[in-house]
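Have a look at the structure below before the remarks.
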Amino acid sequence: MNDSTTTPAVAAIPLSANPRVMVPLGLLALYVIWGSTYLGIHFALASYPPFLLAGVRFLCAGGLLFGYLRLRGVAPPSPRQWRNAAVTGILLLGLGNGLVCFAEERVSSGIAAVAVASMPLFAALFSGFYNDWPSRRESLGLAIGFAGVIVLNLGSSLSGSRLGALALLAAAAAWAFGSVWSKRQDMPSGPMNTAAQMLCGSAALLVMGFGGGEHLPAHPTAHATLALAYLVVFGSLIGFSAFLYVLKHARPVLATSYAYVNPPVAVLFGLLLAGEHVGPFDLAGMAVILLGVAVITLARQKPSKLASISPPPAAQGEAGRG
């Protein structure tokens with residue numbers, strides 16, 4: 001962190017690079033896009049096995065982004081940054097996303113989104129290990145959001161397997177720890193951070209997939225392949241880049257608040273595109289969840305976190321963060 005950042009320096013930041021503008025836009029992208037990816041995974045699983053689905057998704061997205069950045073002259077990560085990107089990519093993508101795909105073979109996309117909504121609670125716990133406990137207002141927002149998840153879950157029959165439920169909780173914990181840990185490491189700068197994590201995460205996913213006996217489909221359906229393409233472009237290239245930007249410029253509790261919004265968004269997409277039913281508990285849960293997110297968003301930021309508008313020394317280079 002560069003605690004010497006002053007108000008005039010903040011005012012000099014172009015509007016397009018100002019976190020006061022880009023963080024809300026990034027959160028909006030995370031809320032809508034990642035809310036829809038649960039249904040996208042559901043459609044893609046009709047032809048693709050879970051770990052290879054995630055592995056191909058991030059291999060394509062990471063390869064495209066890495067190649068584009070290298071053509072633009074962006075320097076590759078250092079060996080230390082590759083190591084940190086590998087650890088984070090395995091946690092966020094290998095375990096976080098891979099286990100969600102695995103679980104969605106056993107539970108519905110809406111239930112998966114609801115279970116992953118426990119992730120901000122894990123993030124708050126892991127942040128506390130670094131003496132960065134949530135403020136009182138953030139804690140209140142977390143409690144309200146979790147209560148909303150419970151209300152939302154009351155309107156559905158959680159009939160998925162116990163293995164699927166455990167996989168979702170493990171995915172939430174892995175994603176939360178990776179998010180908190182990476183904020184304190186020397187990571188690649190800007191979009192190269194996204195590309196490196198996706199390449200490393202895809203390698204782990206492909207090893208898990210092929211090692212577990214999965215095979216790529218010989219004749220995938222057009223519907224499933226289109227869903228995979230959507231996950232590559234929107235869920236990975238756009239969504240994951242937005243997440244890393246928000247994670248860099250906001251407190252972990254706010255950066256992970258999308259997990260509370262994704263369940264109602266996933267339910268709405270299921271209603272519109274898959275004909276799923278929305279009952280009174282679902283509507284009440286959505287309202288409570290959004291209230292919790294509003295409380296977290298309006299929580300007062302610590303001065304040390306506001307100073308992260310300027311990239312730390314490790315982020316200096318040709319590409320800015322996000």
Can you confirm whether or not the ring centre of Y38 sits under 6.0 Å from the ring centre of H42? no
Once you round to the nearest 0.5 Å, how far does [atom1] of [X] lie from [atom2] of [Y]?
X	Y	atom1	atom2	answer
L169	M119	CG	CE	13.0 Å
L163	E105	CG	CD	10.5 Å
L64	L59	CG	CG	9.0 Å
L71	F66	CG	CZ	10.0 Å
S36	I41	OG	CD1	9.5 Å
C60	L228	SG	CG	6.5 Å

Nearest atoms (heavy-atom pairs only) where [X] meets [Y]:
X	Y	value
G98	L205	CA-CD2, 3.6 Å
K183	A250	NZ-O, 3.5 Å
I238	I33	CG2-CD1, 3.7 Å
V246	V23	CG2-O, 3.9 Å
A112	E104	CB-CG, 3.9 Å
L53	C101	CD2-SG, 4.3 Å

Should T256 and F122 be marked as a side chain to side chain contact (heavy atoms under 4.5 Å, CB included) after you check the CA-CA gap, both sets of side-chain angles, and the distance that decides it? CA-CA 10 Å; T256 57; F122 286 110; over 6 Å; no
Would you check if the side chain of [X] reaches a backbone N or O of [Y] as a donor-acceptor pair within less than 3.5 Å?
X	Y	answer
Y260	L142	yes
T37	G40	no
S236	F58	no
S127	W133	no
R106	F102	yes

Find out whether [X] and [Y] are in side-chain contact, i.e. whether some heavy atom of one side chain is under 4.5 Å from a heavy atom of the other.
X	Y	result
D132	R184	yes
F126	S179	no
T88	M187	yes
Y48	T225	yes
S182	N84	no
R57	N97	yes
V180	F129	no
P263	V267	no

Restricting to pairs with a member in residues 211-235, which pass ring-ring contact (aromatic ring centres under 6.0 Å, His included), not counting sequence neighbours?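 Qualifying pairs: F43-H223, Y230-F234.
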Non-neighbouring partners of [X] that pass side chain to side chain contact (heavy atoms under 4.5 Å, CB included), sequence neighbours left out:
X	answer
E214	P49, P50, F51, L52
L237	A61, L65, M198
V265	V261, F269

Kindly work out whether a path of hydrophobic side-chain contacts (I/L/V/M/F/W/Y, heavy atoms less than 4.5 Å apart) joins [X] to [Y].
X	Y	value
L39	Y31	yes
L268	V288	no
L247	L27	yes
M192	V87	yes
V233	L273	yes

Please test L216 against V56 for side chain to side chain contact (heavy atoms under 4.5 Å, CB included), starting from the C-alpha separation and ending with a verdict. CA-CA 9 Å; L216 290 173; V56 171; 3.9 Å; yes
Partners of F243 by ring-ring contact (aromatic ring centres under 6.0 Å, His included), sequence neighbours excluded? W34, W175, Y258
Could you give me the CA-CA distance, side-chain angles and deciding distance for R20 and H249, then say whether side chain to side chain contact (heavy atoms under 4.5 Å, CB included) is met? CA-CA 9 Å; R20 295 179 182 273; H249 293 90; over 6 Å; no
Any pair counted as side-chain hydrogen bond (donor to acceptor under 3.5 Å, both in side chains), so long as it reaches residues 194-205, sequence neighbours left out: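 Every side-chain hydrogen bond (donor to acceptor under 3.5 Å, both in side chains) pair that includes a residue of residues 194-205, provided the two are not neighbours, is N193-Q197.
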Evaluate side chain to side chain contact (heavy atoms under 4.5 Å, CB included) for V74 paired with Y68, printing each intermediate quantity in order. CA-CA 9 Å; V74 178; Y68 170 77; over 6 Å; no
Does a sphere of radius 6.0 Å around OH in Y130 hold more than 12 heavy atoms from other residues, nucleotides or ligands, not counting ones at 6.0 Å or beyond? yes
